[in-house]
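Note: hydrogens, waters and symmetry copies are ignored here, and every other heavy atom, side chains too, is used.
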Amino acid sequence: MNIIACVKQVPDTEAQIKVKADGSGIEDGQIKWVMNPYDEYGVEEALRLKEKNGGEVTIVSVGPARAMETVRTALAMGADKGVHVSDPALDNADAFVTASALAAVIKGIPYDIIFCGQRAIDDDSGQVGPMLAELLGIPQLTLVTKLEYAGTSVKVIRPIEGAQLSIETSLPCVVTAQKGLNEPRYASLPGIMKAKKKPVDVKNAAALGIATESKTKVAKTIPPPARPPGKIICGDDPAQKAAEVARLLREEAKVI
Amino acid sequence: MAKGVWIIAEQRDGALRKISFELASTARKLADQMGAEVSAVLLGSGIEGLAAQLGKYGVDKVYVGDSPALEPYITEAHAVAAAKIIKENDPAIVLLGASVQGKDLSARLAGKLATGLATDCIDVKIADGKLLAIRPMYAGKCFGEVITSATPQMASLRPNVFAMTENAKAAAVTKFDPAIDAAQIKSKILEVQKDTSGKVDLTEANVIVTGGRGMKGPEGFQILEELAEVLKGCVGASRAAVDAGWRLQKDQVGQTGKVVSPNLYIACGVSGAIQHLAGMSSSKYIVAINKDAEAPIFAKADYGVVDDLFKVVPELTGACKKLVG
């Protein structure tokens, strides 16, 4: 099987995000960078498919030079090779441009199934998987929590509001991974050593022949609105405090 | 020139979902500022009768694509149908819901139309004749003001955030041929397993009672279930509680779970890790109950109780029961 897993490097979930004073973005000096957690589920599922059915896992990432660490992390987990699309012209790439870059890479290599995280936890847009599927003209299965491979098709479970769907799609297709799909492995020490020697092809936008002009632009980044200071309900008696909270919710907040 | 504000209505099992009315009301507001019309795309099978309900919330025209291939929802079929009618009419703005279905469809559709999309917006306005979409990033650790240079300008709106406003319009129905080639549809729904608990999804709940590590185990959540029952809400969980196996993943609130914005969020035994706060800070009112007075959750709370949650929560359930009857 030819399996592809797309990965993005993002700030760790514990990172404090500070908006630049001029609103042009976030301060990224202090940030610890990690593989997008949802992409880890995709990489893990790719590795499990390979282990069961044979084949090769190729990692594809679009990101600045530092994103190479994330490609290496995926290789250390067990993937075979990588493609890193790195170009300053893509620094502010939106979902459409990112998906175009991924599509341009993937069109040049054989593929049966492509994994993406259901969204990246930095911009939270959740668009790249579906856009990639569209650009490749293949079906998409988003928010997948279970996957069964059956040769020329896959059967997946996909939770929606108040229900779970079981869907079957012919290959090739794009699967976007949701938490619950699997438990991603950690890279082992031998894995990390081996990863250093695995091939990673670095490409720029010109080599891919893609337009780098984004369709959307974050004109301004703003900090979240400050919440007004709250009240701490004092007293020794839990019952009294509970009754006071209930009263405030009823009379002041009017939410119950 | 691109003109008009469009929405892609969402229906399931022949009933419009609430987000459709939120979309219609928001589109009406934008269209009035632009002196434009509101049109809705309604896709499914045997759903023409739903058009009038959209009219109630300000929709002038409803484009109905009716085909057995559009029921139940399949990404490829809906994207083909929606793209066809949008290309024929060239709207300036297209809004969808940031529901599970809306997120799945909107990105595919934006790809098909080679345009930009702002996902999961919490506010949209018209500035200099263009759509300005405001959306959380980093799960709400900051917000971005997004503008789109291509047309249509697309945005998906977070459910439960935009007001529903009645404003009766004609909702004139135009049927169109969705032109779906069955051979192009590669996906098939094999089974729909409905959640029979009768609970709405966390992202659509008005009240959420969440438990964290302080619940001490899965059985601890029983008192939260009871409080949620009285308040007609849902029970959520922190990442710690989900990772410990106490609750299902679908209950997780936070940066790697669901981002929620209920009217009332009651956090019990939740310390308030930054990735959790990110997922619930846009709740209208927040109550925190925690033994640890230093817990970061108190900085976000409107009302805080520093005490043993196992004593406070049952009392709160009792007190609420008295008030809500």
Side-chain angles (χ1 to χ4, degrees), chain A residues 13-14 16-17 19 26 37 94-96 99 121-127 130-131 133-135 139-140 142-143 155 159-170 179-180 215-224 227 230-233 238-239 241-243 245-246 248-250 253 255-256, chain B residues 75-76 99-100 103-104 107-108 111-112 115-120 137-150 186-195 201 204 231 249-250 255-256 263-264 274-275 281 285 287 300-307 311-312 315-316 319-320 323-324:
Chain A
T13 53
E14 297 303 322
Q16 298 275 358
I17 300 295
V19 173
I26 62 158
D94 67 353
F96 190 85
I121 60 156
D122 52 358
D123 57 28
D124 283 335
S125 76
Q127 297 176 21
M131 280 182 174
E134 171 61 29
L135 294 172
Q140 72 198 50
T142 56
L143 284 173
K155 210 166 94 179
I160 61 170
E161 300 92 347
Q164 268 201 151
L165 304 179
S166 165
I167 309 182
E168 189 177 57
T169 290
S170 62
K179 189 172 177 182
K215 308 282 184 189
T216 60
K217 173 169 104 186
V218 180
K220 201 173 161 199
T221 306
I222 40 182
R227 290 189 75 92
K231 275 183 206 169
I232 296 290
I233 317 299
K241 288 191 274 190
V245 171
L248 287 165
L249 291 176
R250 180 76 164 188
V255 287
I256 66 168
Chain B
T75 316
E76 299 114 282
S99 54
V100 174
K103 281 181 181 163
D104 184 73
R108 181 96 192 190
K112 249 185 212 314
T115 190
L117 164 68
T119 315
D120 208 19
M137 298 190 301
Y138 303 88
K141 291 177 186 172
C142 67
F143 289 72
E145 294 184 352
V146 179
I147 48 178
T148 299
S149 50
K186 304 273 169 56
S187 308
K188 193 168 88 189
I189 307 277
L190 302 175
E191 196 193 348
V192 181
Q193 201 178 7
K194 285 197 180 143
D195 176 3
D201 191 74
E204 297 174 326
L231 298 174
Q249 205 278 315
K250 72 177 176 65
Q255 201 169 3
T256 51
N263 286 331
L264 174 58
I274 182 160
Q275 60 82 21
S281 291
Y285 281 89
V287 175
K300 295 282 175 191
D302 297 281
Y303 307 122
V305 178
V306 182
D307 208 331
K311 290 183 183 148
V312 178
E315 294 290 350
L316 184 58
C320 290
L323 290 175
V324 303

Asks: Rounded to the nearest 0.5 Å, how far does OH of Tyr138(B) lie from OG1 of Thr221(A)?
Replies: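 These two atoms lie 8.0 Å from each other.
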Asks: Among Ala319(B), Gly111(B), Gly304(B), Cys320(B), which residue forms the greatest number of heavy-atom pairs with chain A at distances under 4.5 Å?
Replies: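 Of the candidates given, the most pairs with chain A belong to Gly304(B).
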Asks: With a 4.5 angstrom heavy-atom cut-off, is it the side chain or the backbone of Lys186(B) that approaches chain A, or both, or neither?
Replies: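 Both backbone and side chain.
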Asks: Which one wins on heavy-atom pair count under 4.5 Å against chain B: Arg227(A), Lys217(A), Gln164(A), Arg250(A)?
Replies: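 Ranked by contacts with chain B, first place is Arg227(A).
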Asks: So which residue, Thr169(A), Asp122(A), Ile233(A), Val19(A), ends up with the most heavy-atom pairs under 4.5 Å with chain B?
Replies: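 The candidate making the most pairs under 4.5 Å is Asp122(A).
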Asks: Heavy-atom pairs under 4.5 Å with chain A are the metric here; pick the option from Ile147(B), Asp195(B), Val287(B) that has the most.
Replies: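 The candidate making the most pairs under 4.5 Å is Ile147(B).
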Asks: Measure distances from Asp120(B) to the heavy atoms of chain A and classify the residue's part below 4.5 Å as side chain, backbone, both or neither.
Replies: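 Looking at Asp120(B), nothing touches chain A.
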Asks: Which region of Asp201(B), side chain (C-beta onward) or backbone (N, CA, C, O), has a non-hydrogen atom less than 4.5 Å from a non-hydrogen atom of chain A, or is it both or neither?
Replies: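 Contact with chain A involves the side chain of Asp201(B) alone.
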Asks: Between Gln249(B), Lys194(B), Met137(B), which residue shows the highest count of heavy-atom pairs closer than 4.5 Å to chain A?
Replies: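 Most heavy-atom pairs within the cutoff with chain A belong to Gln249(B).
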Asks: Is the shortest heavy-atom distance from the side chain of Asp302(B) to the side chain of Lys231(A) under 4.5 Å?
Replies: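 No. Closest side-chain heavy atoms not under 4.5 Å.
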Asks: Within the 3.5 Å criterion, strictly below it, is a donor on Glu76(B) or Ser187(B) matched to an acceptor on the partner's side chain?
Replies: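 A donor-acceptor contact under 3.5 Å links the two side chains.
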Asks: Quick one: what part of Ala253(A) sits under 4.5 Å from any heavy atom of chain B, side chain, backbone, both or neither?
Replies: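 Both parts, backbone and side chain.
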Asks: Tell me, side chain or backbone of Glu204(B) under 4.5 Å from chain A's heavy atoms, or both, or neither?
Replies: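 Side chain of Glu204(B) only, per the 4.5 Å heavy-atom cut-off to chain A.
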Asks: Between Glu134(A) and Lys112(B), does at least one N-O distance fall below 4.0 Å, as a salt bridge requires?
Replies: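 Lys112(B) and Glu134(A): salt-bridged.
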Asks: Decide yes or no for Leu117(B) and Thr216(A): does some side-chain heavy atom of the first lie under 4.5 Å from some side-chain heavy atom of the second?
Replies: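 They are not in side-chain contact.
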Asks: Ignoring hydrogens and geometry beyond distance, is a side-chain donor-acceptor pair present between Lys141(B) and Gln255(B) at under 3.5 Å?
Replies: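 Side-chain D/A pair, Lys141(B) to Gln255(B): present.
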Asks: I'd like to know if the side chain of Gln127(A) reaches the main chain of Gly116(B), judged simply by a donor and an acceptor atom lying under 3.5 Å from each other, with no hydrogens or angles considered.
Replies: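 Such a contact is absent between Gln127(A) side chain and Gly116(B) backbone.
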Asks: Which heavy atom in Glu161(A) sits nearest to a heavy atom in Val100(B), and how many Å separate them?
Replies: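 Between these two residues, the closest heavy atoms are OE2-N, 2.8 Å.
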Asks: Name the option with the most non-hydrogen atom pairs under 4.5 Å to chain A; the candidates are Val146(B), Val306(B), Asn263(B).
Replies: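 Winner by heavy-atom pair count: Val146(B).
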Asks: When you check the gap from the basic side-chain N to the acidic O, do Asp307(B) and Lys241(A) get nearer than 4.0 Å?
Replies: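 Salt bridge present between Asp307(B) and Lys241(A).
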Asks: Are Ile160(A) and Leu165(A) packed together at the side-chain level, in the sense that at least one heavy-atom pair is separated by less than 4.5 angstrom?
Replies: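 They are in contact (side-chain heavy atoms under 4.5 Å apart), so the answer is yes.
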Asks: With respect to chain B, which residue among Lys179(A), Met131(A), Gln16(A) yields the maximal number of heavy-atom pairs within a distance under 4.5 Å?
Replies: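 Answer, by heavy-atom pair count under 4.5 Å with chain B: Lys179(A).
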Asks: So for Leu231(B), is it side chain, backbone, both, or neither that comes closer than 4.5 Å to the heavy atoms of chain A?
Replies: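 Only the side chain of Leu231(B) comes within 4.5 Å of chain A.
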Asks: Which bit of Leu143(A) comes within less than 4.5 Å of chain B, counting heavy atoms only: side chain, backbone, both or neither?
Replies: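 Contact with chain B is through the side chain of Leu143(A) alone.
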Asks: For Gly144(B) versus Val218(A), what's the shortest heavy-atom pair and its separation?
Replies: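 That would be CA-CG1, 3.8 Å.
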Asks: Relative to chain A, which segment of Val312(B) carries a heavy atom at a distance below 4.5 Å: side chain, backbone, both, or neither?
Replies: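 Both parts, heavy atoms under 4.5 Å.
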Asks: Please flag which part of Pro159(A) lies under 4.5 Å from any non-hydrogen atom of chain B: side chain, backbone, both or neither.
Replies: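 The backbone, not the side chain.
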Asks: Quick one: closest heavy-atom pair of Leu316(B) and Ala246(A), and the distance?
Replies: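 Heavy-atom minimum between the residues: CD1-N, 3.9 Å.
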Asks: Is there a side-chain contact between Ile167(A) and Lys188(B), using heavy atoms and a 4.5 Å cut-off?
Replies: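 No, every pair of side-chain atoms sits at 4.5 Å or beyond.
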Asks: Thr256(B), Val192(B), Ile189(B): which one forms the most heavy-atom pairs within less than 4.5 Å of chain A?
Replies: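 Greatest number of close heavy-atom pairs with chain A: Thr256(B).
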Asks: Just so I understand: if I count every heavy-atom pair under 4.5 Å between each of Ser149(B), Gly140(B), Ala150(B) and chain A, which residue has the most?
Replies: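 That would be Ser149(B).
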Asks: So for Ala133(A), is it side chain, backbone, both, or neither that comes closer than 4.5 Å to the heavy atoms of chain B?
Replies: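 Backbone plus side chain of Ala133(A), per the 4.5 Å heavy-atom cut-off to chain B.
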Asks: Relative to chain B, which of Ile26(A), Val255(A), Ile222(A) shows the most heavy atom pairs under 4.5 Å?
Replies: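 Ranked by heavy-atom pairs under 4.5 Å with chain B, first place is Ile222(A).
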Asks: Identify which part of Ser281(B) has an atom lying under 4.5 Å from any heavy atom of chain A, answering side chain, backbone, both or neither.
Replies: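 The answer is the backbone of Ser281(B).
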Asks: Tell me which of these, Ala242(A), Pro238(A), Gly230(A), Ser166(A), has more heavy-atom pairs under 4.5 Å with chain B than the rest.
Replies: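 It is Ser166(A).
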